[in-house]
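Below is one structure; the comments refer to it alone.
Throughout, a chain's letter reflects where its sequence line sits, starting with A, and its residues are numbered from 1.
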Amino acid sequence: MVVARELIGCILVRRIGKKSIRLIITETEGYEGPKDLASHAVLHRTGEYKAVKTPRNEVMFGEAGHFYVYFTYGMHWMLNIVTGKKGHPSAVLIRGAGYIQGPARLTKALYITGALNKKAVGKRGGLWVENGVVVSNRNILRTPRIGVAYAGPVWSKKLYRFVVKNEP
DNA sequence: ACCGTGATTGAG
DNA sequence: TCAATCACGGTT
């Protein structure tokens, strides 16, 4: 959650050939640990919830500083950065940056696909984060995460979403 | 409010 | 095997 907060105001840089796109991160969501019922790392088995490594969520169980990029709704890519210690699956979903609102629009605008999954955050992969502007707490809204009703009454209400106020 | 689109998951 | 679901976005 600390990372989700810290990423607000940082600059997401995407390099495509000789050109780069730089966008200030404006919206993030944290998914933290093996108890977070909203997390892809936690499988909803009958009568039991458990953190289980699968081909899709595997990278979440590894070292921090790698991308978790997954495909959903048959057409959208989602960009996350793994943040937890090894074996403690956690990630931050980047939901908005610059003028772009929405996680699927962001990946589309930055040409982000599953090719970046499991890659390290850095220039080698052509996608990285730099220090940007300082955004104070009073300019940040904390809300429940979006689209996680399946996580149940407790976990769906956690204030794990951070968004810069006054976005159009 | 409703649907596209296909990977992932859990049930049989 | 098969059917439901989905960390969404565009259209009605």
Side-chain angles (χ1 to χ4, degrees), chain A residues 1-10 12 14 21 23-85 88-119 121 125 127 129 140-165 167-168:
Chain A
M1 223 47 57
V2 176
V3 180
R5 165 64 183 87
E6 294 279 320
L7 279 172
I8 297 291
C10 289
L12 184 64
R14 174 62 162 147
I21 307 170
L23 297 171
I24 294 174
I25 296 172
T26 59
E27 184 180 351
T28 61
E29 277 179 5
Y31 290 82
E32 179 146 332
K35 299 284 185 198
D36 185 350
L37 301 196
S39 170
H40 283 176
V42 180
L43 300 192
H44 296 214
R45 309 177 124 152
T46 41
E48 179 190 31
Y49 297 91
K50 215 179 171 200
V52 178
K53 204 193 289 185
T54 69
R56 179 172 75 157
N57 66 27
E58 181 180 8
V59 66
M60 290 182 77
F61 289 80
E63 299 277 354
H66 292 253
F67 293 113
Y68 167 42
V69 182
Y70 71 90
F71 189 65
T72 191
Y73 291 105
M75 54 188 102
H76 302 305
W77 293 101
M78 299 285 127
L79 173 67
N80 296 253
I81 296 174
V82 174
T83 60
K85 289 194 196 314
H88 188 267
S90 303
V92 172
L93 170 67
I94 313 295
R95 292 190 57 91
Y99 56 96
I100 300 162
Q101 298 180 60
R105 288 177 178 166
L106 178 71
T107 55
K108 188 179 177 192
L110 298 184
Y111 306 97
I112 290 163
T113 70
L116 278 160
N117 191 39
K118 302 184 184 179
K119 290 265 180 18
V121 178
L127 181 63
V129 174
I140 295 180
L141 201 59
R142 280 192 72 161
T143 81
R145 292 170 291 186
I146 305 295
V148 295
Y150 61 82
V154 175
W155 287 94
S156 67
K157 293 191 176 94
K158 299 271 187 190
L159 301 179
Y160 288 174
R161 172 172 174 253
F162 299 81
V163 54
V164 176
K165 290 181 184 173
E167 277 298 299

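Counting to the nearest Å, the P atom of B/dG4 and the CZ atom of A/Phe71 are 15 Å from each other. In this structure, A/Glu48 places its CD atom 16 Å from P of B/dT9, rounding to the nearest Å. One can place NE2 of A/His44 at 12 Å from C1' of B/dG10, the figure rounded to the nearest angstrom. Remark: C1' of B/dT5 and OH of A/Tyr73 are 12 Å apart, rounded to the nearest angstrom.
Judged as a ring-ring contact (aromatic ring centres under 6.0 Å, His included), and not counting sequence neighbours, A/Trp155 has no contacts. Every residue meeting the side chain to side chain contact (heavy atoms under 4.5 Å, CB included) condition with A/Thr28, not counting sequence neighbours, appears here in chain and number order: A/Ala4, A/Leu7, A/Ile8, A/Ile25, A/Val92, A/Ile94, A/Phe162. A/Lys118 pairs by the salt bridge (Lys or Arg N to Asp or Glu O under 4.0 Å) definition with A/Glu58, not counting sequence neighbours. By the side chain to side chain contact (heavy atoms under 4.5 Å, CB included) test, A/Ile24 is found to be paired with A/Ile11, A/Val133, residues two or more places apart in sequence or in another chain being considered. Residues satisfying the side chain to side chain contact (heavy atoms under 4.5 Å, CB included) criterion with A/Glu29, sequence neighbours excluded, are A/Tyr31, A/Leu93, A/Arg95, A/Arg145, A/Ile146, A/Arg161. Under the side chain to side chain contact (heavy atoms under 4.5 Å, CB included) criterion, A/Ala91 pairs with A/Met60, A/Asn80, not counting sequence neighbours.
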> Is there a side-chain contact (heavy atoms from CB on, under 4.5 Å) between A/Thr83 and A/Glu6 once you walk through the steps?
Replying inline: CA-CA 12 Å; A/Thr83 60; A/Glu6 294 279 320; over 6 Å; no
>> Between A/Leu110 and A/Leu79, does the side-chain contact (heavy atoms from CB on, under 4.5 Å) criterion hold? Intermediate values first, please.
In response: CA-CA 10 Å; A/Leu110 298 184; A/Leu79 173 67; 5.7 Å; no
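Atom name P, nucleotides C/dC2 and B/dT5: the rounded distance is 22 Å, in whole Å.
When heavy atoms are screened at a 4.0 angstrom cut-off, A/Arg145 is found touching no nucleic acid atom at all. Note on A/Leu93: a base of the nucleic acid sits closer than 4.0 angstrom, heavy atoms only. Heavy atoms of A/Met78 sit under 4.0 angstrom from primed sugar atoms or phosphate atoms, though from no base atom.
Legend: side-chain hydrogen bond (donor to acceptor under 3.5 Å, both in side chains) pairs involving residues 104-117 of chain A, not counting sequence neighbours: none detected. For the side-chain hydrogen bond (donor to acceptor under 3.5 Å, both in side chains) condition, the pairs that include at least one residue of residues 63-74 of chain A, sequence neighbours left out, are A/His40-A/Tyr68.
If you check residues 29-40 of chain A against DNA chain C, the residues with a heavy atom closer than 4.0 Å are A/Tyr31, A/Ala38, A/His40, listed by number. Against DNA chain B, the stretch residues 148-155 of chain A makes no heavy-atom approach under 4.0 Å.
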> Given pairs defined as Watson-Crick or G-U wobble with both distances under 3.5 Å, what dot-bracket annotation applies to DNA chain B, with ( ) intrastrand, [ ] crossing, | other strand and . unpaired?
Replying inline: ||||.||||||.
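Between chain A and DNA chain C, the heavy-atom contact criterion of under 4.0 Å yields a 5' to 3' nucleotide range of C/dC6 to C/dG10.
In summary, the aromatic rings of A/His76 and A/Phe71 are positioned with their centroids too far apart to meet the 6.0 Å limit.
In this structure, the side chain of A/Ser90 engages the main chain of A/Gly33 through a donor-acceptor pair within 3.5 Å.
Residue A/Thr72 has no polar side-chain atom (N or O) positioned under 4.0 Å from OP1 or OP2 of B/dT8.
In this structure, CD1 in A/Ile112 is found 4.5 Å from CG in A/Leu127, a value given to the nearest 0.5 Å.
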